[in-house]
Amino acid sequence: MEKLSPPQDFVETMGMYFQGENMPRIAGRLYGLLLLEGGPFSFSELAERLDVSRASISTNARMLAAQGMIQRVAVPGDRQDHYAIEVKGLLAMYHRQVERYQQMCEWFHEKAEVLGDHADGTRDRLAASAILLDAVLDGLRNGLKQVEARIEGPGPAK
């Protein structure tokens, strides 16, 4: 098996990450390529670089654009669709993750009260799950604030 270059490995690892998040692997590879190189790239360029069909690029690019992770851009004189990285794209993905974790955390708290000691230790196990999610949420929210501050950069001097 041929060893991948670091950029190729990055793109493939992003594909596996997305697949682990129940998203198409090609979407992850596409996002990884754009994250590394920025863009804009046409469907043809993306298909060639990722060795997939234009139809696959079209489907996955539209999905990622709808999620705010990449953006469709116009290139003067070219009729093809082009896509580039949306700088705040990862933020959109992790904000959705925060929402899902928050819902799960609230559900654990609610069920700990409703189910009580259904079985020996039920309340403790559910409460422990809620505490863990609270800690994860605190970390994610803190990380998101740091990244948002970095992307926004220093504001105007007052």
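In what follows, residues are counted from 1 in the order of the sequence shown. Computation of the quantities below employed the complete heavy-atom set of this structure, encompassing side-chain atoms and omitting hydrogens, waters and symmetry-equivalent molecules.
Minimum interatomic distance between I57 and L50 (heavy atoms only, all atoms of both residues): CD1-CD1, 3.9 Å. The two residues G68 and A92 make their nearest non-hydrogen contact at O-CB, 4.5 Å. Minimum heavy-atom separation, A112 to A127: CB-N, 4.4 Å. The minimum heavy-atom distance between V75 and P40, with the atom names listed, is CG2-CG, 4.2 Å. What you find for L30 and N60 is that their closest heavy atoms are CD2-C, 4.0 Å. Between C105 and L137, the shortest heavy-atom distance links the atoms CB-CD1, 4.2 Å.
Counting non-hydrogen atoms of neighbouring residues, nucleotides and ligands closer than 6.0 angstrom, the CG atom of D51 reaches no more than 12 such neighbours. Shown here is R96, whose CZ atom has more than 12 heavy atoms of other residues, nucleotides or ligands within 6.0 Å. The environment of CG in D120 is sparse: at most 12 heavy-atom neighbours from other residues, nucleotides or ligands sit within 6.0 Å. More than 12 heavy atoms of other shown residues, nucleotides or ligands fall within 6.0 angstrom of atom CE in M63.
No side-chain donor-acceptor contact under 3.5 Å links S129 and R125. For the residue pair Q80/R54, the side-chain donor-acceptor check at 3.5 Å is satisfied. Defined by atom type and a distance below 3.5 Å, a donor-acceptor pair is present between the side-chain atoms of E106 and Q102. Under the 3.5 Å distance criterion, with hydrogens and angles disregarded, no donor-acceptor pair is assigned to the side chains of Q71 and H82. Defined by atom type and a distance below 3.5 Å, a donor-acceptor pair is missing between the side-chain atoms of R141 and Q146. Judged by distance alone, the side chains of R100 and Q97 do bring a donor and an acceptor atom under 3.5 Å apart.
With rounding to the nearest 0.5 angstrom, the CG atom of L64 is 11.0 Å from the CD1 atom of I26. Atom OH in Y94 sits 9.0 Å away from atom CG in L144 (nearest 0.5 Å). Here CD of Q8 is found 11.0 Å from OG1 of T13. Values are rounded to the nearest 0.5 Å. One distance of note links CZ of F108 with CG of L132; it measures 9.0 Å at 0.5 Å rounding. The structure places CG of L33 at 10.0 Å from CD of E45, a figure rounded to the nearest 0.5 Å. Taking CZ of R29 as the start and CZ of F18 as the end, the distance is 12.5 Å to the nearest 0.5 Å.
At a threshold of 4.5 Å between side-chain heavy atoms, the hydrophobic network of Ile, Leu, Val, Met, Phe, Trp and Tyr places I131 and M104 in two separate groups. In this structure, M14 is not a member of the same hydrophobic cluster as M16, with clusters built from ILVMFWY side-chain heavy atoms closer than 4.5 Å. In the hydrophobic clustering of ILVMFWY residues, with side-chain heavy atoms under 4.5 Å counting as a link, V73 and F41 come out apart.
When atom types are taken as modelled, the side chain of N142 and the backbone of D138 share no donor-acceptor pair closer than 3.5 angstrom. T59 places a side-chain N or O within donor-acceptor distance of the main-chain N or O of A55, the cut-off being under 3.5 Å.
Residues satisfying the ring pair (Phe, Tyr, Trp, His ring centres under 6.0 Å) criterion with F43, sequence neighbours excluded, are Y83.
Remark: E152 engages K88 in a salt bridge, criterion side-chain N to carboxylate O under 4.0 Å. Of the charged side-chain nitrogens involved, at least one lies within less than 4.0 Å of a carboxylate oxygen, so that R62 and D81 count as a salt-bridged pair. Ion pairing between E37 and R49 holds under the 4.0 Å rule for side-chain N and carboxylate O.
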_Would I151 and L91 count as a side chain to side chain contact (heavy atoms under 4.5 Å, CB included) here? Give the steps._
CA-CA 10 Å; I151 288 172; L91 291 174; 3.7 Å; yes
_Let's go through E21 and M93 carefully: what are the C-alpha distance in whole Å and the side-chain angles of both, what is the deciding distance for side chain to side chain contact (heavy atoms under 4.5 Å, CB included) to 0.1 Å, and is it a yes or a no?_
CA-CA 11 Å; E21 293 293 314; M93 184 171 79; 5.7 Å; no
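Using a 4.5 Å cut-off on side-chain heavy atoms (C-beta onward), D134 and H109 make contact.
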